[in-house]
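Worksheet: one structure, shown below.
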Amino acid sequence: MLMVPEYKTRLRSLHFKTTLQERTEEMKIAYDYIYKASVELRSSKKLAKILEFVLAMGNYLNNGQPKSHRTTSFKINFLTELSTTKTVDGKSTFLHILAKSLCQHFPELLNFSRDLTTVPLAAKVNQRAITAELSDLHSTIQDIRTACLKIPPTSEDHFTSVMSSFLENSHPAIQSLESLQTRVMEEFSKVASYFGEDSKSTRTEAFFGIFADFISKFEV
């Protein structure tokens with residue numbers, strides 16, 4: 001093995017060649033989850049109504065506050081606190097009051113989770129991991145290209161011709177993945193801004209995790 005020139009690069013290239021399709025498919029699925037979940041959250045009228053109700057409920061429970069102190073918005077992280085934030089008498093939580101009120105006045109909103117089926121899936125996607133994965137693909141491609149320049153093709157050594165052809169054929173798939181990443185993160189930026197969050201400082205899994213947690217606890 002040591003007599004084979006650039007044997008480590010050859011092994012890495014072979015592994016890259018055999019796993020590229022599977023890796024790109026997994027990344028496409030992950031990005032699709034983020035994109036679809038972003039669209040679902042922004043377009044769900046039922047969720048919007050529930051959030052309006054949460055805000056109104058909070059202002060009502062704090063009706064001792066001067067009107068000028070009443071809130072016109074809230075951080076979405078508050079949704080994770082609804083199940084632990086108790087009323088003044090300590091007998092109930094905000095989540096219980098919300099569920100009871102919706103049952104009584106807006107029963108049509110109770111199945112809001114049907115609008116958000118992809119959100120729990122997006123919450124499981126590790127944004128940093130798929131970003132690093134795409135970066136690793138680029139790094140490996142560059143290493144293979146460099147190796148192809150170093151290893152001259154011969155009648156017995158077809159590494160350069162085989163890998164050069166493979167890189168050329170796989171280029172559209174990589175480009176498509178890059179375009180998908182850009183489109184997905186633009187959509188995530190829109191939904192983060194829609195809910196008053198900064199997409200640059202908020203990881204997708206943390207953002208979607210807030211809503212996934214709310215859905216889970218609401219349905220218990």
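For the atom pair CG (L177) and CG (L20), the distance works out to 9.0 Å, reported to the nearest 0.5 Å. Note: L79 CG to S83 OG = 10.5 Å, rounded to the nearest 0.5 Å. One finds the OG1 atom of T140 at 11.5 Å from the CZ atom of R145 (value rounded to the nearest 0.5 Å). In this structure, NZ on K46 lies 9.0 Å from CG on L110, to the nearest 0.5 angstrom. Considering CD of E178 and NE2 of H138, their distance stands at 3.5 Å, rounded to 0.5 Å. Taking CD1 of I130 as the start and CD1 of I29 as the end, the distance is 11.5 Å to the nearest 0.5 Å.
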Report, one line per pair, each donor and acceptor closer than 3.5 Å where one atom sits in a side chain of residues 189-198; sequence neighbours left out.
unit_1, atom_1, unit_2, atom_2, d
S189, OG, S199, OG, 3.3
E197, OE2, K75, NZ, 3.4
D198, OD1, K200, N, 3.0

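Side-chain atoms of T80 come within 3.5 Å of backbone atoms of N77 as a donor-acceptor pair (strictly under, hydrogens ignored). With Q127 contributing its side chain and E205 its backbone, the two residues share no donor-acceptor pair below 3.5 Å. Between the side chain of S179 and the backbone N or O of Q175 there is at least one donor-acceptor pair closer than 3.5 Å. With S139 contributing its side chain and S135 its backbone, the two residues share no donor-acceptor pair below 3.5 Å. Counting only distance, with no hydrogens or angles, the side chain of S44 and the backbone of L41 share no donor-acceptor pair below 3.5 Å.
Using the six-membered ring where Trp is involved, F214 and F112 have ring planes that are tilted, between 30° and 60° apart.
T9 approaches D143 most closely through the heavy-atom pair CG2-O, 4.3 Å. Contact between V125 and T204 at its shortest, heavy atoms only, is O-OG1, 4.1 Å. Nearest heavy atom pair, residue M163 against residue C148, reads CB-SG, 4.0 Å. Between F208 and S38, the shortest heavy-atom contact is CZ-OG, 3.4 Å.
Atom NZ of K49 has 12 or fewer heavy atoms from other residues, nucleotides or ligands within 6.0 Å. Heavy atoms of other residues, nucleotides or ligands lying less than 6.0 angstrom from CD of E168 number 12 at most.
Residues I76 and V39 are members of one and the same hydrophobic cluster, defined by side-chain heavy-atom contacts under 4.5 angstrom among Ile, Leu, Val, Met, Phe, Trp and Tyr.
Sorted by first and then second residue, the ring-ring contact (aromatic ring centres under 6.0 Å, His included) pairs with a member in residues 10-32 form an empty list; sequence neighbours excluded.
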